[in-house]
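What follows is a single structure, written as structure tokens, with notes after it.
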Amino acid sequence: MPIPELLDWPTEVTEARAIQDRWRDRVEVCDRLHLVNSVAGVDLGFENEGRTTRAAAALFSYPDLELMETAIAIYPTIFPYIPGYLSFREVPPILKALRQLTVFPDLILCDGQGLAHPRRFGLACHLGVLLDCPTIGVAKSRFIGTHGEPGRKRGSWELLTDGEETIGAVLRTRAKVKPLYVSIGHRVSLETAISYVLACAPNYRLPETTRIADRLASNRT
DNA sequence: GCGACAG
DNA sequence: ATCTTGTCGC
């Protein structure tokens with residue numbers, strides 16, 4: 001699985017928005033995955049007062065969830081954090097980390113939204129379309145949309161809606177703990193996404209993939 | 001105009 | 001995201 005080189009990465013919000021509008025139609029919302037033997041989590045951390053980005057990738061076997069490989073990539077921070085344009089800040093460093101993996105994951109869990117985005121093209125969608133690989137958006141907080149409060153037990157969820165449109169799900173991965181915002185990234189249906197997130201988060205609120213990636217990215221241990 | 005706003 | 005110690009609860 002070759003990871004594309006990035007040419008002409010946008011610097012301005014206007015170009016970024018144009019790319020989102022031009023690529024949003026390429027998002028696939030139905031299941032198109034192979035047998036999932038590996039799952040990866042990717043996340044970022046920052047150093048030097050934000051001037052340096054530290055990307056991490058953690059590859060796990062599935063469904064065993066054994067940590068197989070990790071990768072860390074240092075990258076200059078190239079785009080500011082602007083709500084709605086997170087992927088333009090995170091994708092380049094993430095690709096650099098993924099290139100270091102020996103095995104390309106069958107599924108990637110992203111730390112952020114997928115379709116639950118103003119223009120339906122959040123980080124998980126962007127990464128998925130760019131790599132043409134299955135991705136799921138797993139965010140720790142709401143960006144857009146409305147929803148009811150999911151039941152307090154693990155596994156209960158509510159639809160995340162924007163007007164008449166379903167854009168994701170609010171999923172409780174641990175009883176009585178703040179739920180996660182799950183949305184389609186690419187090539188994984190919402191129902192399938194929910195089951196994978198649950199399967200990847202057997203003991204904690206966050207999936208094992210993002211927990212480890214997060215830890216690596218923030219330089220902890 | 002005012003408030004909200006993934007990481 | 002990051003700055004940061006102790007502290008409340010199971």
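Below, read A as the first sequence line, B as the second, and so on, with proteins coming before strands; counting in each chain starts at 1. In this text the structure is predicted, and so the values were computed from the model without any measurement.
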Could you tell me whether [X] contacts a base, only the sugar-phosphate backbone, or nothing, with contacts defined as non-hydrogen atoms closer than 4.0 Å?
X	answer
A/I144	nothing
A/E49	nothing
A/Y81	base
A/G84	base
A/Y85	base

Enclosure of A/D8 CG (heavy-atom neighbours >12, cutoff 6.0 Å):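 Open.
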Flag if over 12 foreign heavy atoms under 6.0 Å of CZ, A/R152: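 No, because the 6.0 Å sphere around CZ of A/R152 holds 12 heavy atoms or fewer from other groups.
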NZ/NE/NH1/NH2 to OD/OE distance under 4.0 Å, A/D43 and A/R215: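 Here A/D43 does not pair with A/R215 in a salt bridge, since their nearest N and O are not under 4.0 Å apart.
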Return the value, rounded to whole Å, for the distance between atom [atom1] of [X] and atom [atom2] of [N].
X	N	atom1	atom2	answer
A/L86	B/dC5	CG	C1'	12 Å
A/N219	C/dT2	CG	C1'	14 Å
A/I82	C/dA1	CD1	C1'	14 Å
A/E47	B/dG7	CD	P	20 Å
A/L44	B/dG7	CG	C1'	8 Å
A/F46	C/dC3	CZ	C1'	15 Å
A/R220	C/dC3	CZ	C1'	14 Å
A/Y181	B/dA6	OH	P	11 Å

Candidates C/dT2, C/dA1, B/dA6 - which lies nearest the side chain of A/S218: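 Minimum distance to the A/S218 side chain belongs to C/dT2.
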Among B/dC5, C/dA1, B/dA6, the one nearest A/Q113 by side-chain distance: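 Nearest to the side chain of A/Q113 among the choices is B/dA6.
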Residue-phosphate contact under 4.0 Å: A/R142 side-chain N/O, B/dA6 OP1/OP2: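 A/R142 to B/dA6 OP1/OP2: no side-chain N or O under 4.0 Å.
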C/dA1 phosphate, OP1 or OP2, under 4.0 Å from A/K140 side-chain N/O: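 For C/dA1, OP1 or OP2 has a side-chain N or O of A/K140 closer than 4.0 Å.
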Side-chain donor-acceptor contact under 3.5 Å, A/T146 with A/T161: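 Result is no, nothing qualifies.
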Partner residues of A/E66 under the salt bridge (Lys or Arg N to Asp or Glu O under 4.0 Å) criterion, sequence neighbours left out: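 Once residues adjacent in sequence are excluded, A/E66 has no partner under the salt bridge (Lys or Arg N to Asp or Glu O under 4.0 Å) criterion.
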